[in-house]
There are 2 protein chains.
Amino acid sequence: MATLDPIETLRRVPFFSVLPREELQALASHCGVRRLSRDETLFTEGDPCEGLYVVQSGGIKLFKMAETGREQVLVIERAGSTVGELAVFDGGAYPASAAAIEDSTLLYLPKREFLELCRRNSAVSFAVIRALAWRFRYMASLVEELSLKEVSHRLARFLRDHAVASGLRTRRGIEFPLEETNQEIAAAIGTVRDLVSRNLRRFVDRGIIKMERRKVIVLDMAELEAQIAGSKRAATVEK
Amino acid sequence: MATLDPIETLRRVPFFSVLPREELQALASHCGVRRLSRDETLFTEGDPCEGLYVVQSGGIKLFKMAETGREQVLVIERAGSTVGELAVFDGGAYPASAAAIEDSTLLYLPKREFLELCRRNSAVSFAVIRALAWRFRYMASLVEELSLKEVSHRLARFLRDHAVASGLRTRRGIEFPLEETNQEIAAAIGTVRDLVSRNLRRFVDRGIIKMERRKVIVLDMAELEAQIAGSKRAATVEK
DNA sequence: CCGCAACGACGACTTAAGTCATCGCGCCAG
DNA sequence: CTGGCGCGATGACTTAAGTCGTCGTTGCGG
């Protein structure tokens with residue numbers, strides 16, 4: 001594979017894209033390249049933070065791991081996104097672990113350079129804040145799901161997001177490949193792989209989706225959305 | 001109650017405390033005052049964002065609500081903290097609802113002034129980033145708990161945090177008042193009030209804590225910490 | 001090309017979470 | 001001062017989540 005242009009990679013990051021080309025170039029000159037094989041660890045929760053990573057190609061998952069081995073994925077970042085930048089700012093260790101979900105190439109930017117840039121360039125700082133605001137919003141949704149929704153609702157949202165992001169509209173419905181294993185889906189939505197299998201089967205039985213091996217065809221998007229809107233059986237107000 | 005000095009309130013906010021007094025004064029001149037009774041709503045999830053609030057006195061909870069009425073509290077903010085600032089930056093609606101957990105007084109800062117300040121003062125922007133980094137870290141912990149830990153582990157962490165924050169070390173153990181109802185605790189740790197009661201009883205039965213009405217005495221902090229370290233019964237790796 | 005491990009599926013089972021009804025107590029509003 | 005409501009506690013029950021064993025399939029590394 002041809003070497004990717006680090007300047008073009010940096011330009012894809014929202015808070016670097018505000019920089020003129022010369023500054024991107026200067027920044028790129030400080031960057032190292034880090035290559036990871038699939039499943040290789042980038043950093044582990046609690047590791048001291050030395051800098052941030054920019055995904056050039058592939059994908060990186062941020063995740064928390066229980067001592068039983070069960071994982072909760074916080075987010076998956078792909079090309080043009082950053083990983084590990086929060087620990088740069090508050091001087092703490094990494095709050096979660098990161099690993100490659102496929103062979104990946106990342107740029108590594110030492111924290112000193114990044115901090116310097118943010119201090120002297122308020123447009124960058126400002127764009128960083130915007131990125132963090134978005135992340136918080138996303139995390140708030142994840143908290144809501146994990147606390148207030150059942151596994152079937154969370155799986156429905158997962159499928160809907162995939163349909164929206166990469167679905168192909170056909171006469172049968174919206175088709176998309178399910179590229180993750182049930183284990184990976186379980187880690188994303190906060191359950192175990194048996195329940196992913198069981199709930200997919202339930203959606204098939206109800207005529208909401210059809211499955212052809214690992215291809216999903218959404219037959220009834222309205223019903224899928226209705227599934228998403230459901231809640232756990234928890235009434236703290238009178239019914 | 002005497003009127004609180006808005007300049008002193010603003011000074012307590014980490015990302016405003018970097019400002020000299022004259023700038024705090026100018027900022028304070030743009031602030032309105034908002035008073036809320038206990039349980040009164042500040043804003044509702046989805047409301048358009050007009051500005052940020054600074055807590056002068058009392059307490060504000062940010063929370064998500066299921067249609068069943070069950071709540072998940074994201075965070076509780078007290079004097080010297082801000083509420084609703086994230087939506088200022090990404091132009092979105094409020095990602096969660098906010099309400100007073102007791103009679104409260106807040107300063108209201110229109111978003112235009114706040115955005116202006118961040119744009120021209122990179123020390124403020126920088127401090128905002130730091131604050132957001134901390135929030136993300138906190139949210140990552142909440143996600144970890146909700147996904148990977150059982151109710152008893154989450155309650156143990158709640159009690160430990162209270163013991164650490166406001167516990168009084170006595171010969172009997174660490175004593176602190178449990179000021180929240182079981183319902184409020186349930187909303188904080190992601191469960192229902194019945195389970196809070198039941199798990200408190202379990203800790204009493206195991207000699208970890210003693211309860212005198214709503215006062216908690218931690219008899220065995222080491223065991224409480226051990227409770228916190230536990231995980232859900234989920235093994236995705238062989239045992 | 002083949003063997004092995006990972007994966008998907010599923011049934012039977014256990015456990016945790018949650019519901020609901022009820023009772024006693026305490027506090028607050030009228 | 002009193003009545004009513006909120007709260008705590010608890011038992012009995014239901015449901016969802018999760019475990020475990022097993023079988024068949026698939027894909028990848030040697």
Side-chain angles (χ1 to χ4, degrees), chain A residues 37-39 66 68-72 101-103 145-156 177-187 189-205 209 211-216 227 230-239, chain B residues 37-39 66 68-72 101-103 145-156 177-187 189-205 209 211-216 227 230-239:
Chain A
S37 305
R38 175 195 177 88
D39 297 327
T68 52
R70 181 167 154 174
E71 287 186 13
Q72 175 62 55
I101 56 174
E102 61 195 66
D103 291 357
E145 278 202 344
L146 290 170
S147 177
L148 303 175
K149 291 181 183 287
E150 294 180 4
V151 169
S152 59
H153 307 136
R154 306 204 293 264
L155 179 61
L178 203 54
E179 282 160 350
E180 301 88 345
T181 65
N182 286 355
Q183 177 103 344
E184 288 164 342
I185 296 172
I189 69 174
T191 186
V192 295
R193 70 199 181 107
D194 305 58
L195 277 148
V196 173
S197 179
R198 209 167 288 162
N199 280 283
L200 283 173
R201 178 59 41 204
R202 184 185 289 168
F203 289 155
V204 168
D205 291 344
I209 64 174
M211 291 195 71
E212 290 169 357
R213 292 187 172 295
R214 293 310 269 184
K215 167 186 277 189
V216 174
Q227 287 295 314
S231 302
K232 261 176 189 174
R233 331 154 271 144
T236 46
V237 296
E238 66 187 9
K239 293 151 85 175
Chain B
S37 306
R38 176 194 178 90
D39 297 327
T68 53
R70 183 167 153 173
E71 287 185 14
Q72 175 63 55
I101 56 173
E102 60 193 67
D103 290 357
E145 278 204 342
L146 290 170
S147 176
L148 304 176
K149 292 181 184 290
E150 295 181 1
V151 169
S152 59
H153 307 137
R154 308 205 291 265
L155 179 60
L178 203 53
E179 283 161 350
E180 302 89 343
T181 65
N182 285 355
Q183 175 103 347
E184 288 163 344
I185 297 172
I189 69 175
T191 186
V192 296
R193 69 196 184 108
D194 309 57
L195 278 147
V196 172
S197 180
R198 212 166 284 165
N199 280 282
L200 284 174
R201 177 59 44 203
R202 184 186 289 169
F203 289 156
V204 169
D205 290 344
I209 65 173
M211 290 194 73
E212 290 171 356
R213 292 190 172 293
R214 292 310 269 184
K215 167 184 278 190
V216 175
Q227 287 295 314
S231 303
K232 260 177 188 174
R233 328 151 273 139
T236 48
V237 297
E238 68 188 8
K239 296 149 86 170

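In this text, all values refer to a predicted model and were calculated from it rather than measured experimentally. Chain naming here is simple, since letters A, B, ... match the order of the sequence lines and numbering starts at 1 in each.
In plain terms, the two heavy atoms of B/N199 and B/S152 that are nearest each other are OD1-CB, 3.2 Å. Taking all atoms of both residues into account, the shortest heavy-atom contact from A/T181 to A/R214 is C-NH2, 3.8 Å. Of all non-hydrogen atoms in A/V151 and A/T191, the two that sit nearest each other are CG2-OG1, 3.6 Å.
Between the side chain of B/R38 and the backbone N or O of B/I101 there is at least one donor-acceptor pair closer than 3.5 Å.
Remark: A/T191 is in phosphate contact with D/dG18, judged by side-chain N or O atoms under 4.0 Å from OP1 or OP2. Note on A/R70: a side-chain N or O is less than 4.0 Å away from OP1 or OP2 of D/dG18. Using a 4.0 Å cut-off, some side-chain N or O of A/R214 falls inside it from OP1 or OP2 of C/dG8.
Among the heavy atoms of the strands lying under 4.0 Å from B/N182 are primed sugar atoms or P, OP1, OP2 only; no base atom is included. Base contact: B/R198 has a heavy atom under 4.0 Å from a base atom. A/V151 comes within 4.0 angstrom of the backbone, heavy atoms only, and of no base.
Between B/R38 and B/R201, it is B/R38 whose nearest contact on DNA chain D lies nearer the 5' terminus.
In this structure, B/N199 places its CG atom 15 Å from P of D/dG8, rounding to the nearest Å.
Here the NE2-CD distance, from B/H153 to B/E150, works out to 5.0 Å after rounding to the nearest 0.5 Å.
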Query - side-chain contact (heavy atoms from CB on, under 4.5 Å) between B/L146 and B/R154, intermediate numbers included - result: CA-CA 8 Å; B/L146 290 170; B/R154 308 205 291 265; 4.1 Å; yes
Requested in this report: Would you give a per-nucleotide map of nucleotides 25-30 of chain C, 5' to 3', where B means the base has a protein non-hydrogen atom under 4.0 Å away, S means only the sugar-phosphate does, and - means neither?
Outcome: -S----
